[in-house]
Number of protein chains: 2
Amino acid sequence: MVRQPYSSSSLKAELNSRGWRLTPQRETILHVFQNLPRGHHLSAEELFHLLQKRGEEISLSTIYRSVKLMTRMGILRELELAEGHKHYELNRPHPHHHHHIVCIQCNRTLEFNNDSVLKQSLKQAEKEGLQLIDCQLTIMTICPEAIRMGWPSALPSNWACTRAISESDPNRDIEEIEQEIAETESSEDN
Amino acid sequence: MVRQPYSSSSLKAELNSRGWRLTPQRETILHVFQNLPRGHHLSAEELFHLLQKRGEEISLSTIYRSVKLMTRMGILRELELAEGHKHYELNRPHPHHHHHIVCIQCNRTLEFNNDSVLKQSLKQAEKEGLQLIDCQLTIMTICPEAIRMGWPSALPSNWACTRAISESDPNRDIEEIEQEIAETESSEDN
DNA sequence: TTATTTGCAAAGGGTTTGCAATGTC
DNA sequence: GACATTGCAAACCCTTTGCAAATAA
């Protein structure tokens with residue numbers, strides 16, 4: 001969005017200028033997010049397991065510390081969708097920037113682009129004299145299945161839509177994600 | 001937004017139609033949110049303390065259960081700003097609907113209106129065949145003070161802007177909120 | 001009367017933190 | 001060499017849950 005230090009070297013420069021240090025762990029984590037297929041976002045725990053499977057052991061606390069740091073630097077976006085825990089993804093500059101639609105019943109998530117939201121946000125931030133870091137429009141919806149099931153009454157707590165309204169299912173298996181990353185890995189740019 | 005059962009009687013009707021019940025606790029909680037001054041949102045804990053001070057003891061678990069229920073019914077909006085815990089406010093219909101600007105350093109929050117965001121959201125939801133319940137645009141910013149303090153480096157963890165960029169400071173004292181509510185209490189409509 | 005809701009206390013789950021060891025600048 | 005960072009385990013905090021008693025319909 002506003003900041004875009006996506007290469008390891010610019011990450012290093014950015015960190016060092018603040019008296020911080022580039023560590024293999026931070027480099028690895030940045031690398032994972034760089035190669036995450038579009039439409040994916042990882043929780044700290046997911047990132048941890050993903051790295052474990054790759055044989056790159058980074059402790060959970062380091063992961064939590066790193067994503068928090070990178071979020072405060074504006075490198076990552078912290079998403080609070082409806083899963084009950086945070087997800088992270090690269091805070092990409094303009095044309096890749098996107099928003100989310102969530103079903104508040106089944107938590108399935110769908111991405112969409114909308115430039116005018118970004119424009120409105122820039123205008124609004126400027127008006128307040130604040131520097132824009134990110135903007136996130138989250139649209140809460142109810143999917144037709146949930147309505148058919150009798151929403152807003154209590155549905156079985158783990159009920160999920162039969163129709164997949166999501167390309168970026170937060171509940172999918174790590175292995176699936178891992179595989180997609182492997183496929184993307186060729187188009188790498190560090 | 002989409003749903004608007006704001007009176008006790010329509011809440012009762014809505015609950016009963018689902019086999020649920022109107023309890024004094026639920027009525028009280030709805031009442032608090034109805035009379036919350038514009039620009040305010042409460043966490044479960046804040047709501048708990050506020051009621052305590054009024055002498056209306058509702059257990060924390062009931063509060064958590066109630067706000068969750070009302071959110072799923074579309075009566076409340078669940079806000080995930082930057083405080084680390086959820087806040088709630090009435091999910092108001094059109095002209096009162098609003099969005100938030102947050103400073104990711106000091107968490108101060110500012111409200112703003114923007115009809116076009118709602119329009120865009122309606123269009124997007126419709127396009128996906130989903131029923132809109134709510135939409136929230138959250139603009140993450142950095143305030144000038146934080147930039148001056150050397151952002152994105154680590155600032156003192158409890159550092160806060162000297163300039164108040166918020167009419168709805170999440171950290172304000174409950175008593176203050178309580179007082180404002182008392183002042184608003186006259187323009188009641190149940 | 002029957003099923004829901006409450007309140008309490010205990011458990012849960014994601015996230016943070018203290019501290020000694022390690023690694024970066 | 002000085003100071004940031006890691007990893008581990010314990011602590012934390014917000015939130016949820018089990019269950020018996022109370023209560024709305």
Side-chain angles (χ1 to χ4, degrees), chain A residues 8-9 11-30 41-49 51-52 56-73 76 78-88 107 153-154 157-158 170-171, chain B residues 8-9 11-30 41-49 51-52 56-73 76 78-88 152-154 157-158 170-171:
Chain A
S8 295
S9 54
L11 176 63
K12 177 166 160 51
E14 173 88 26
L15 287 167
N16 289 350
S17 76
R18 302 298 177 183
W20 296 339
R21 292 168 187 183
L22 180 64
T23 62
Q25 288 90 338
R26 287 173 182 176
E27 214 171 339
T28 300
I29 290 170
L30 174 63
H41 27 77
L42 297 175
S43 67
E45 208 118 349
E46 284 168 342
L47 178 52
F48 177 70
H49 290 309
L51 290 168
Q52 239 178 0
E56 307 211 51
E57 298 274 351
I58 298 181
S59 75
L60 244 188
S61 25
T62 297
I63 288 180
Y64 274 110
R65 279 189 281 233
S66 299
V67 294
K68 192 177 175 183
L69 179 75
M70 292 183 187
T71 300
R72 293 193 134 207
M73 290 174 75
L76 297 181
E78 192 174 74
L79 307 177
E80 312 247 20
L81 302 173
E83 297 88 8
H85 50 267
K86 293 167 186 162
H87 279 73
Y88 298 87
N107 288 347
S153 73
S157 61
N158 50 2
N171 296 316
Chain B
S8 294
S9 54
L11 176 63
K12 177 166 161 51
E14 172 88 27
L15 287 166
N16 290 349
S17 76
R18 300 299 176 183
W20 297 338
R21 294 171 186 181
L22 181 63
T23 62
Q25 290 88 338
R26 288 175 180 172
E27 213 171 341
T28 299
I29 291 171
L30 174 63
H41 27 77
L42 297 175
S43 67
E45 208 118 352
E46 284 169 341
L47 179 51
F48 176 70
H49 290 309
L51 288 168
Q52 240 179 359
E56 307 212 49
E57 297 274 349
I58 298 181
S59 76
L60 243 187
S61 25
T62 296
I63 288 180
Y64 275 108
R65 281 188 280 231
S66 299
V67 294
K68 192 176 174 183
L69 178 75
M70 293 183 187
T71 300
R72 293 193 133 205
M73 290 175 76
L76 296 181
E78 192 173 74
L79 307 177
E80 311 248 19
L81 302 172
E83 298 88 7
H85 50 264
K86 294 167 186 161
H87 279 73
Y88 298 85
S153 72
S157 60
N158 50 2
N171 296 316

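Both backbone and side-chain heavy atoms feed into the values below; hydrogens, waters and symmetry mates do not.
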To the nearest angstrom, how far is [X] atom [atom1] from [N] atom [atom2]?
X	N	atom1	atom2	result
B/Asn16	C/dA3	CG	P	16 Å
B/Leu22	D/dA25	CG	P	6 Å
B/Glu27	D/dT23	CD	C1'	14 Å
A/Leu69	D/dA4	CG	C1'	11 Å
A/Gln52	D/dG7	CD	P	12 Å
B/Leu60	C/dT5	CG	C1'	16 Å
B/Phe48	D/dT16	CZ	P	16 Å
B/Arg26	C/dT5	CZ	P	4 Å

Practice item. Hey, could you give me the NE2/CD distance between A/His49 and A/Glu45, rounded to the nearest 0.5 Å? Key: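 Here the interatomic distance stands at 4.5 Å.
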
Point to revise | Heavy-atom closest pair, residues A/Arg21 and A/Arg26 | key: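 In this case the closest contact between A/Arg21 and A/Arg26 is O-NH1, 2.8 Å.
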
Check your understanding: For A/Glu46 and A/Ser43, which heavy atoms make the closest approach, and how far apart are they?
Key ->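 It is OE1-N, 2.8 Å.
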
Between [X] and [N], does any side-chain N or O lie under 4.0 Å from OP1 or OP2?
X	N	answer
B/Tyr64	D/dT16	no
A/Lys12	C/dT24	no
B/Lys68	D/dT16	yes
A/Thr62	D/dG7	yes
B/Gln25	C/dG7	yes

Practice item. Would you indicate whether the side-chain heavy atoms of B/Leu69 and B/Trp20 approach each other to under 4.5 Å? Key: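 Yes - at least one pair of side-chain heavy atoms lies under 4.5 Å apart.
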
Review point. So which one's nearest nucleotide on DNA chain D is more toward 5', B/Pro24 or B/Ser61?
Key: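 The residue closer to the strand's 5' end, by nearest nucleotide, is B/Ser61.
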
Closest to the [X] side chain: [options]?
X	options	value
B/Arg65	D/dG18, D/dT15, D/dC8	D/dG18
A/His85	C/dT15, C/dT17, C/dC8	C/dT15
A/Arg21	D/dA4, D/dT17, D/dC8	D/dA4
B/Thr23	D/dA24, C/dG23, C/dT17	D/dA24
A/Ile58	C/dT6, D/dT5, D/dG7	D/dG7

Review point. Reckon A/Glu57 touches a base, only the sugar-phosphate, or nothing at all at heavy-atom distances under 4.0 Å?
Key: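 Since only primed, P, OP1 and OP2 atoms lie under 4.0 Å of A/Glu57, the category is sugar-phosphate.
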
Check your understanding: Between A/Thr62 and A/Thr23, is a side-chain contact (heavy atoms from CB on, under 4.5 Å) present by the stated rule, with each step listed?
Key -> CA-CA 11 Å; A/Thr62 297; A/Thr23 62; over 6 Å; no

